[in-house]
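Structure first, commentary second.
In this text the structure is predicted, and so the values were computed from the model without any measurement.
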Amino acid sequence: SVVLALAAAGAGAAVAVTRPATYQSRATLLMDEPGAVAASADAGVVQKLTALRPKYAALALTAPVLEQAAQRSGLPMAAVARDAQVTFPENDLTMQTQGSAPDPRTAQRVAQSLATSLSRFAASDQAATGVPVPERIVISVIDPAGPGVKTSPSSRKVAATAVVAGLVVMLLSYVVAQLVWTRPRRI
């Protein structure tokens, strides 16, 4: 049963290792309203900006922004939509665009093109709707996307898969052995 468990562990690790790699890249954006923040005597403006982040995160994944991101990245819009994500930490004025892809360069292109497109969309949308310049919300890329970092398969996932596969086979072989050896015999 130990030999079977080791074989299963090796097979589990082999399967985990052969899964396609996934890379992730992130760009960080800052949401600001410079005129209002400078003139404000309380936290009201910061609270308003914090509350607006979910709106802009949702807008980032709409057709107008995704189309711009696809043009900038040179990727099909469907690929950008599939590989892009926007997150925002709690109690912070930042947002992050994330790209996930099978290669590090594509992950970076998705994250960066989405960040740039969201920033430009926010500016052009406010200009088109007549928001006075001092009252406009500015979304700036403060940390451009770097090359994607491999996120899977990780060494931990490979080891965990191997251990689980080995334990399952060992348990099954123990159960089978108990059933075979403890079966009542007829005389």
Can you tell me how far OG1 of Thr87 sits from CD of Gln96, rounded to the nearest 0.5 angstrom?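 Result: 4.5 Å between the selected atoms.
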
What's the spacing between Gln47 CD and Leu52 CG if we round to 0.5 Å?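 One finds 12.0 Å between CD of Gln47 and CG of Leu52.
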
I'd like to know if the side chain of [X] and the backbone of [Y] have a donor-acceptor N/O pair within less than 3.5 Å.
| X | Y | value |
| --- | --- | --- |
| Thr22 | Thr151 | no |
| Gln98 | Gln85 | no |
| Ser100 | Gln24 | no |
| Thr129 | Asp125 | yes |

Looking only at side chains, do Arg72 and Thr116 share a donor and an acceptor under 3.5 Å apart?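 No pair is found: no donor N or O on one side chain lies under 3.5 Å from an acceptor on the other.
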
What heavy-atom pair brings [X] and [Y] nearest, and what distance separates the two atoms?
| X | Y | result |
| --- | --- | --- |
| Ala111 | Ala145 | CB-CB, 3.8 Å |
| Met95 | Ala57 | SD-N, 4.1 Å |
| Arg136 | Gln126 | CA-OE1, 3.2 Å |
| Tyr56 | Ala122 | CE2-CB, 3.8 Å |
| Ala27 | Gln112 | CB-OE1, 4.1 Å |

Report yes if some heavy atom in the side chain of [X] is under 4.5 Å from a heavy atom in the side chain of [Y]; otherwise report no.
| X | Y | result |
| --- | --- | --- |
| Arg53 | Pro89 | yes |
| Ser73 | Val110 | no |
| Leu114 | Leu61 | yes |
| Ile137 | Glu33 | yes |
| Leu29 | Ile142 | no |

Among Asp83, Val80, Leu75, Asp103, which residue meets the side-chain contact (heavy atoms from CB on, under 4.5 Å) test with Arg109?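 Exactly one pass, corresponding to Leu75.
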
Verdict with supporting geometry, Val46 and Leu93, side-chain contact (heavy atoms from CB on, under 4.5 Å): CA-CA 8 Å; Val46 172; Leu93 295 179; 4.2 Å; yes

Going hydrophobic residue to hydrophobic residue with side-chain gaps under 4.5 angstrom, can you get from Phe88 over to Val138?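 Phe88 and Val138: separate clusters.
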
